[in-house]
Peer 1: 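Dropping the structure in here first, questions after.
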Amino acid sequence: MIRVEAIWLATEPLDMRAGTDTVLARVVKVFGAARPRHAYLFTNKRATRIKVLVYDGIGIWLAARRLNRGRFVWTDGMTAITTPLCREQLDALVLGLPWQRLGRDEAITVL
């Protein structure tokens, strides 16, 4: 099992043809470094696909997910370059649900 202690959402889109080295280079560029046990999420321009890069301290994991219908709920790209997420927000995001409504205490908040 991969242990993830922090989850980061990049607001700029990524070309989904990018491989591990390209995504790792983007992580270093956007987040400053790939930290152990951190997950970094990227989407394409249409927000129909996501890629997740995790550095577990030993190696790099790269996973992709595609929605058959609809889009992933992403950030507006204006608020920040990076956005931290909690586990519950990640679970909602990968299902295509509005994760911004979930607070750190799993309560629904007003936007």
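The structure presented is a predicted model; accordingly, all values stated were derived computationally and were not measured.
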Peer 1: Yes or no on side-chain contact (heavy atoms from CB on, under 4.5 Å) for Val28 and Arg26, after CA distance, side-chain angles and deciding distance?
Peer 2: CA-CA 5 Å; Val28 171; Arg26 176 67 77 87; over 6 Å; no
Peer 1: On a heavy-atom basis, which atom in Gly57 and which in Pro36 lie closest, and how many Å separate them?
Peer 2: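 Answer, listing the atom of Gly57 first, then Pro36: CA-CB, 4.1 Å.
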Peer 1: Would you give the length of the straight line joining atom NZ of Lys45 to atom CD of Glu12, rounded to the nearest 0.5 angstrom?
Peer 2: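 Separation between the atoms: 11.0 Å.
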Peer 1: Between Asp15 and Asn44, is there a side-chain heavy-atom distance shorter than 4.5 Å?
Peer 2: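 No, side chains not in contact.
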Peer 1: Atom CZ of residue position Arg46 - does it have more than 12 heavy atoms of other residues, nucleotides or ligands inside 6.0 Å?
Peer 2: no
Peer 1: To the nearest 0.5 angstrom, please state how far the CG atom of Leu85 sits from the CG atom of Leu41.
Peer 2: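 That separation rounds to 6.5 Å.
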Peer 1: Please name the pair of heavy atoms, one in Cys86 and one in Gln89, separated by the smallest distance, quoted to 0.1 Å.
Peer 2: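 Taking every non-hydrogen atom into account, N-OE1, 2.9 Å.
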Peer 1: Do you know the tightest heavy-atom contact between Ala18 and Leu62?
Peer 2: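 Closest approach of Ala18 to Leu62, heavy atoms only: O-CD2, 4.5 Å.
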Peer 1: Mind checking whether Phe42 and Leu9 have side chains closer than 4.5 Å, heavy atoms only?
Peer 2: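 Phe42 vs Leu9: side chains apart.
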Peer 1: Any side-chain heavy atom of Leu14 sitting closer than 4.5 Å to one from Thr43?
Peer 2: no
Peer 1: Any side-chain heavy atom of Arg49 within less than 4.5 Å of one from Arg65?
Peer 2: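 No; the side chains remain at least 4.5 Å from each other.
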Peer 1: When you measure from the side chain of Lys51 to the backbone N and O of Ala63, does any donor-acceptor pair fall under 3.5 Å?
Peer 2: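 Not at all, since once roles are kept as given, no pair shorter than 3.5 Å links the two residues.
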Peer 1: So His38 and Tyr55, side-chain contact (heavy atoms from CB on, under 4.5 Å) or not? Walk me through it.
Peer 2: CA-CA 6 Å; His38 284 216; Tyr55 173 47; over 6 Å; no
Peer 1: Answer yes if Ile7 and Trp61 sit in the same cluster of Ile, Leu, Val, Met, Phe, Trp and Tyr residues linked by side chain heavy atoms under 4.5 Å apart, and no otherwise.
Peer 2: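 Same cluster: Ile7 reaches Trp61 through Ile, Leu, Val, Met, Phe, Trp or Tyr contacts under 4.5 Å.
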Peer 1: Tell me, with the steps shown, if Leu67 and Phe72 meet side-chain contact (heavy atoms from CB on, under 4.5 Å).
Peer 2: CA-CA 8 Å; Leu67 290 179; Phe72 290 104; 3.5 Å; yes
Peer 1: What heavy-atom pair brings Leu24 and Leu53 nearest, and what distance separates the two atoms?
Peer 2: N-CD1, 3.9 Å
Peer 1: Assign the ring pair Phe31 / Tyr40 to parallel, tilted or perpendicular, where the plane angle (0 to 90°) is split at 30° and 60°.
Peer 2: tilted
Peer 1: Given the rule that I, L, V, M, F, W and Y join up when any side-chain heavy atoms are under 4.5 Å apart, are Trp8 and Ile60 in one cluster?
Peer 2: yes
Peer 1: Carefully, step by step, assess Leu93 and Ile50 under the rule side-chain contact (heavy atoms from CB on, under 4.5 Å).
Peer 2: CA-CA 10 Å; Leu93 185 144; Ile50 59 173; 4.1 Å; yes
